[in-house]
Structure formats: C-alpha cells, structure tokens
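Presented below is the structure to which this report refers.
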Amino acid sequence: VQLQASGGGLVQAGGSLALSCAASGRTLSAYATGWFRQAPGKEREFVAALTSSGVTTVYADSVKGRFTISRDNAKNTANLRMNGLKPEDAAVYYCADSLRGYYHVPENYAYWGQGTQVTVSS
C-alpha cells in the first residue's frame, strides 16, 4: 500500500493550491481519508477528512470555508483544494487513509503518504 501526495509548492498569501493523494494497493473509497499538516516545531495537525461514502466532510476550524476535501474514485485519489492561503497554512501536508476512530487523531489512520510541502509567502 502506498499513498503519494503531490501538488505542494510556493504560493502568495491569498492564493490557491490543489493537493492530490494517489493510492496504490488499496481503494481509497473503501475507507475514510484524511489530510493533516505539520509545521516545523509543531505537532501534526488535523486538516480535513472525508468518509468512505464521500457524503460527509469534516474540517478543522482554521481551514473551514477555505479548503475542500474530495475524492476522485475513478483515479483513486483524494484531493485537497486550498483557497485563500495564509502564511500560517505553511506546512508539510500529509494524506492518510484507513481510519479507525476519531477523524482528528493521527494514530487512528493506518497508512500515510510521504508529505508535500506548502509554502505561503506574505
């Protein structure tokens, strides 16, 4: 099982990025999928999650209204559209899969991508 996150980069404050997480060896739609981020010196932080059905989404308060999580079942990818980026959004973003338990707890996910760097300039 591998998760490959991509789409990070450098963007000005107020800009947008679209992250993607490609899965191999498993079907993402069979499980809840999440995105987390980790800034230097900080703990890994929950960003968003999507249920296996794709019907229910959950967001951290800090990104609500700006970020959108989705899944492309045909491509077997999980996506995170980030609008209105702020300097405090800068971090390494990770996708995670196969949730058992609460969405916001990193330890409840069985599989992780390698992370993609998001840098936001002010």
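For the numbers below, each heavy atom of this structure counts, side chains included, while hydrogens, waters and symmetry mates do not.
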May I have the step-by-step check of side chain to side chain contact (heavy atoms under 4.5 Å, CB included) for Leu3 and Trp112, ending in yes or no? CA-CA 6 Å; Leu3 301 179; Trp112 289 83; 5.5 Å; no

A side-chain contact here means heavy atoms from C-beta on lying under 4.5 Å apart; do Thr68 and Leu80 qualify? no

Within a strict 4.5 Å, meaning less than it, do heavy atoms of the Arg37 and Val63 side chains meet? yes

Considering only heavy atoms from C-beta outward, does the side chain of Val11 approach that of Thr119 to under 4.5 Å? no

Output the distance between atom OH (Tyr94) and atom CD (Gln38), rounded to the nearest 0.5 Å. 5.5 Å

For Phe36 together with Tyr109, are the ring centres under 6.0 Å from each other? yes

Would Val118 and Met82 count as a side chain to side chain contact (heavy atoms under 4.5 Å, CB included) here? Give the steps. CA-CA 10 Å; Val118 171; Met82 306 185 295; 3.8 Å; yes

Return the minimal non-hydrogen interatomic distance between Ala39 and Ala91, and the atom names on each side. N-CB, 3.8 Å

Over all atoms of both residues, closest heavy-atom pair of Tyr59 and Ile69: OH-N, 2.9 Å

To the nearest 0.5 Å, what is the distance between NZ on Lys75 and OG on Ser20? 8.0 Å

Show the nearest heavy-atom pair for residues Ser53 and Thr56, with the distance to one decimal. OG-N, 4.4 Å

In this structure, would Leu50 and Tyr31 fall into the same cluster of hydrophobic residues linked by side-chain contacts under 4.5 Å? no

Check whether the ring centres of Phe46 and Trp35 lie less than 6.0 Å apart, and answer yes or no. no

Arg71 side chain reached by Thr77 side chain, heavy atoms, under 4.5 Å: no

Can you see which heavy atom on Pro106 is nearest to which on Arg44, and at what distance? CG-O, 4.4 Å

How long is the gap from CG on Leu28 to CG on Asn79, to the nearest 0.5 Å? 9.5 Å

Does Arg81 qualify as a cation-pi partner of Phe67, given the criterion of NZ or CZ under 6.0 Å from the six-membered ring centre and within 45 degrees of its axis? no

Please step through side chain to side chain contact (heavy atoms under 4.5 Å, CB included) for the pair Arg26 and Ser98, ending with a clear verdict. CA-CA 10 Å; Arg26 69 189 289 105; Ser98 192; 3.4 Å; yes

Could you state the interatomic distance from CG (Asn83) to CG (Asp89), rounded to the nearest 0.5 Å? 11.0 Å

Report the distance from atom OG of Ser122 to atom CD of Gln12, rounding to the nearest 0.5 Å. 9.5 Å

Answer whether the closest heavy-atom distance between the side chains of Thr51 and Tyr103 falls below 4.5 Å. yes

Locate the shortest heavy-atom distance separating Pro87 from Ala13; write the atom from each residue and the value. CD-CB, 4.2 Å

How about CD on Gln117, more than 12 heavy atoms from neighbouring residues, nucleotides or ligands closer than 6.0 Å, or not? yes

For the residue pair Val92 and Thr116, establish whether any side-chain heavy-atom pair is separated by less than 4.5 Å. no

Please report the shortest heavy-atom distance between Ala78 and Thr33, naming the atom on each side. CB-CG2, 3.6 Å

Going from NE2 on His104 to CG on Leu99, what distance comes out if it is rounded to the nearest 0.5 angstrom? 10.5 Å

Does Gln2 reach the side chain of Gln114, with side-chain heavy atoms less than 4.5 Å apart? no

